[in-house]
Structure formats: structure tokens, C-alpha cells
Amino acid sequence: MLGRRNLRIKVMQALYAWEMDNDTPVAKLEGQLKTQVQKSITLYLTDLTYLIEVCKYSMVDKAKRLAKYIKTDEDRKASTTIAANPIVQFLEADTQLAAAVKKEGIKNYVDEEVVKSVYNDLCARPKYKDYCALEKPTFEEEKEMFNFLVRKVFQSNKDLEHHLEELFLNYDDDNALLLHIISKYVEAFDAEKKDTFFQSMDVWEDEQKFSFQLLEKTIEKNNELTEIIKPKLKNWEMDRVATLDLILLKLAVCELKYFPTIPVKVSINEYIDISKLYSTPKSKDFVNGVLDKVKNELIEKGEIKKFGRGLVE
């Protein structure tokens, strides 16, 4: 659910702390990593809860409008179509999601004024007005509208942004990626699939295991990874390489050598993309160039062993 990139970023942050103090026990780093992963899960659940509440607020809004002594045409035409959106209905009926929301106390993070702000933002959008004018939206139109709420409204509403920033220190690192993950689930939405939006805890555990394994293996093989990278730093001394760039290089090379089920291209592209977000303006080209040399050398030496077709190219 969280996505490997999210986990790679958290491992990168843990390794940065280790680089600053090599005496930090791995167990402590793993504890911190687990805490950060849990924060991402909590933020994800909060995003889903807000999506449900915003859509349901259409019923509250209509009730308030119809309770007015003097009603306008706009009041009488207030729509609750989005509350019946099949994705909203599915999320509300998801018992696994409801149990996780209750366990994490997510309802405590929901502010009705923020819900109202996001809903009013949605109502002001021409696309939403067109949606409400539909007599009976198709399944694809329902998905498109919900995705519009995720991608356009949630991404831009300042009240929601400020509220979540206050609640979650990991907001800047995680929220855009988590909304992207939700959007992908919306695009692939099928009410018959029981794992939509909230995958089984077994999958969560497997994903978290990947992050712990990556952290442990990179620290365990630190000297070896450094020696692989060092000769490729043409015109650069090790102490002149940005710490984050070196960490990203080590992580990528570690995946190339010690994670046989992850395609070579995936590992390289992921760390190039992360470098764009977290390191210097020139890091992308630097990381790309070094990894290309390392990859070619490791392939020549037969040191990249991947399981399955197409994982090396």
C-alpha cells in the first residue's frame, strides 16, 4: 500500500542518521523506521477518512439548505450524488478499513470545519457542478469525479494542508505520494476486489520487511558498497560527494547486488527520482552517471543475479 518509493525514502533518512553517527545501533534505526512507516499508514488512513467525510458532507449541506426558512433555487438543487458514489460506499462498508481507523483513532484528526472547507472548494469547481447535473453518472464518471477530488481538490486545499501539516511531521514527505497511491487505486477500482484501498496486513508486513532488509543489508555491506562506488567517482573525492548522494548510490547498488527480485531499471530509476526530490540540483545526473557505470561493471562480472526474465536489462 505504501509503495516502495516511500519506504526507500524512509530507509534513506535512517541511513542519513547512521552516517552522522555510526555508533547508532541498527535495532534503534529499525525502531525509528518502523515508527515512520506507521506514521505514513496513519496519514494514509486520515486521507481516506477525509475523503469519505467530504463526500458525506453533501448530505449535511443539503439538510441545512432545506432547513432554511427562505430557500434559493441553489438550495433546492443541492446535490448529494457524491455521497452515493460507489467508491465512497465501498470505503464506508470496508470493515478492515473501519477497524484500522478505529484502532488508530483517526476520527480524532477530523475537523468538521476543514471538511466543510474542502467540500465548499469542491462545490465551486465547474467539473463538480457538471457531475451533479448528471441524472445518473456512469461508473467511469463516478471514478473520474472521485479521482478529481483526490488529485485536484485535496492536493490544493490550503485548510486541509495546514491542518494535516500540524498533525503529521511527515506530511511534506508522504502526502503527495499517498494521494498518488489512492488515485491509482481509484483508477483500478473494482468493488469485487476485496483488497482495494486497504490491502491485507500480510502485504503490509512484506513491504515493511523490504525496508528493514534494505536498511540492514546496506549497513552490513557498507564498506563493500563504498569500494564499488569509489572508482566510479571520476574527478570527485569521496569526502566531496554529498552525503545524501552517497547514501542513494549505496542503496541502489545494494539493491542491484542483493535484492534478486527487483529489476535493475526499477532500482536505478527510483534512486534517480529520489535524488531529484531530496538532493542537489546536479544530483540526478551524478547519480545516474555513477549507477550506469556500476551497473555495467557488475553485469560484466556476473555479480547481478536476478530471478525472472527482464529483471537485468
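Residues: numbered from 1 along the sequence shown. Being a predicted model, the structure only gives us computed values, none of them experimental.
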Where [X] and [Y] come nearest, the two heavy atoms and their spacing:
X      : Y      : answer
Asp159 : Ser117 : OD2-OG, 2.6 Å
Ile87  : Asn85  : N-OD1, 2.9 Å
Ser40  : Leu178 : O-CD1, 3.5 Å
Tyr128 : Ser79  : OH-O, 4.2 Å
Met145 : Ile82  : CG-CD1, 4.3 Å
Cys123 : Lys129 : O-CE, 3.3 Å

Measure the [atom1]-[atom2] distance between [X] and [Y] for me, rounded to the nearest 0.5 Å.
X      : Y      : atom1 : atom2 : result
Lys221 : Asn223 : NZ    : CG    : 10.5 Å
Lys306 : Ile299 : NZ    : CD1   : 10.0 Å
Glu255 : Thr261 : CD    : OG1   : 9.5 Å
His180 : Tyr185 : NE2   : OH    : 11.5 Å
Ile181 : Asp174 : CD1   : CG    : 9.0 Å
Leu97  : Leu45  : CG    : CG    : 6.5 Å

I'd like to check the salt bridge (charged side-chain N to carboxylate O under 4.0 Å, His left out) partners of [X]; sequence neighbours left out, ordered by chain and number.
X      : answer
Lys64  : none
Asp47  : none
Glu112 : none
Asp292 : Lys295

Chi angles and distances behind the side-chain contact (heavy atoms from CB on, under 4.5 Å) call for Trp18, Ile247: CA-CA 10 Å; Trp18 182 77; Ile247 289 171; over 6 Å; no

Asp111 backbone acceptor or donor facing Tyr50 side chain under 3.5 Å: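 Flag set: sc Tyr50 to bb Asp111 pair under 3.5 Å.
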
Expected output: side-chain Lys107 to main-chain Lys102 donor-acceptor under 3.5 Å: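 No; zero donor-acceptor contacts below 3.5 Å.
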
Contact list for residues 277-291, test side-chain hydrogen bond (donor to acceptor under 3.5 Å, both in side chains), sequence neighbours left out: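 Every side-chain hydrogen bond (donor to acceptor under 3.5 Å, both in side chains) pair that includes a residue of residues 277-291, provided the two are not neighbours, is Asp173-Tyr278, Asp245-Ser279, Asp245-Ser283, Ser279-Ser283, Thr280-Ser283.
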
Treating Ile, Leu, Val, Met, Phe, Trp and Tyr as nodes and any side-chain heavy-atom pair under 4.5 angstrom as an edge, say whether [X] and [Y] lie in one connected cluster.
X      : Y      : result
Leu179 : Leu277 : yes
Leu169 : Leu43  : no
Met59  : Leu122 : no

Under the ring-ring contact (aromatic ring centres under 6.0 Å, His included) test, residues paired with Tyr109 that sit two or more places apart: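 Tyr109 satisfies ring-ring contact (aromatic ring centres under 6.0 Å, His included) with Phe168 once adjacent residues are dropped.
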
Listed partners of Tyr119 passing ring-ring contact (aromatic ring centres under 6.0 Å, His included), at least two apart: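 ring-ring contact (aromatic ring centres under 6.0 Å, His included) check on Tyr119 returns Tyr57.
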
Is any side-chain heavy atom of [Y] closer than 4.5 Å to one of [X]?
X      : Y      : value
Leu251 : Ile274 : no
Asn175 : Phe154 : no
Tyr44  : Ile182 : yes
Glu53  : Val114 : no
Thr226 : Asn222 : yes
Lys62  : Ser58  : no
Leu149 : Cys55  : yes
Gln13  : Ile9   : yes

Carboxylate-amine/guanidinium proximity below 4.0 Å for Arg4 and Glu270: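 Judged by the 4.0 Å cut-off on N to carboxylate O distance, Arg4 and Glu270 do not form a salt bridge.
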
Lys/Arg N to Asp/Glu carboxylate O, Lys158 vs Asp121, below 4.0 Å: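 No, this pair does not count.
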
Pairs satisfying salt bridge (charged side-chain N to carboxylate O under 4.0 Å, His left out), at least one member in residues 21-39, at least two apart: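 As it turns out, there is no salt bridge (charged side-chain N to carboxylate O under 4.0 Å, His left out) pair with a partner in residues 21-39 once direct neighbours are skipped.
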
Salt bridge (charged side-chain N to carboxylate O under 4.0 Å, His left out) contacts touching residues 131-144 (sequence neighbours left out):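 Qualifying pairs: Lys127-Glu144, Glu140-Lys143.
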
What donor-acceptor contacts under 3.5 angstrom involve side-chain atoms of residues 210-220, with partners at least two apart or in another chain?
unit_1: Ser211; atom_1: OG; unit_2: Gln208; atom_2: O; d: 2.6
unit_1: Thr218; atom_1: OG1; unit_2: Leu214; atom_2: O; d: 2.6

Lys301: partners by side chain to side chain donor-acceptor pair (under 3.5 Å), with sequence neighbours left out: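 By the side chain to side chain donor-acceptor pair (under 3.5 Å) rule, Lys301 matches no residue at all.
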
Residue list, side chain to side chain donor-acceptor pair (under 3.5 Å) with Gln155, at least two apart or on another chain: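 Once residues adjacent in sequence are excluded, Gln155 has no partner under the side chain to side chain donor-acceptor pair (under 3.5 Å) criterion.
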
ring-ring contact (aromatic ring centres under 6.0 Å, His included) evaluation trace for Phe189 with Phe90: CA-CA 10 Å; Phe189 178 72; Phe90 182 87; 5.3 Å; yes

Pair Val88-Leu91, side-chain contact (heavy atoms from CB on, under 4.5 Å): steps then yes or no: CA-CA 5 Å; Val88 178; Leu91 289 170; 5.8 Å; no

Within 6.0 angstrom of Phe139 CZ, more than 12 heavy atoms from elsewhere: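 Counting other residues, nucleotides and ligands, CZ of Phe139 exceeds 12 neighbours.
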
Neighbour count >12 (heavy atoms, 6.0 Å) for atom NZ, Lys232: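 Count over threshold, so yes.
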
Residue of the set Lys230, Lys257, Lys250 for which salt bridge (Lys or Arg N to Asp or Glu O under 4.0 Å) holds with Glu224: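 For Glu224, the salt bridge (Lys or Arg N to Asp or Glu O under 4.0 Å) check succeeds only for Lys257.
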
Gln32 vs Thr35, side-chain contact (heavy atoms from CB on, under 4.5 Å): CA-CA, chis, key distance, verdict: CA-CA 5 Å; Gln32 294 170 347; Thr35 298; 5.6 Å; no

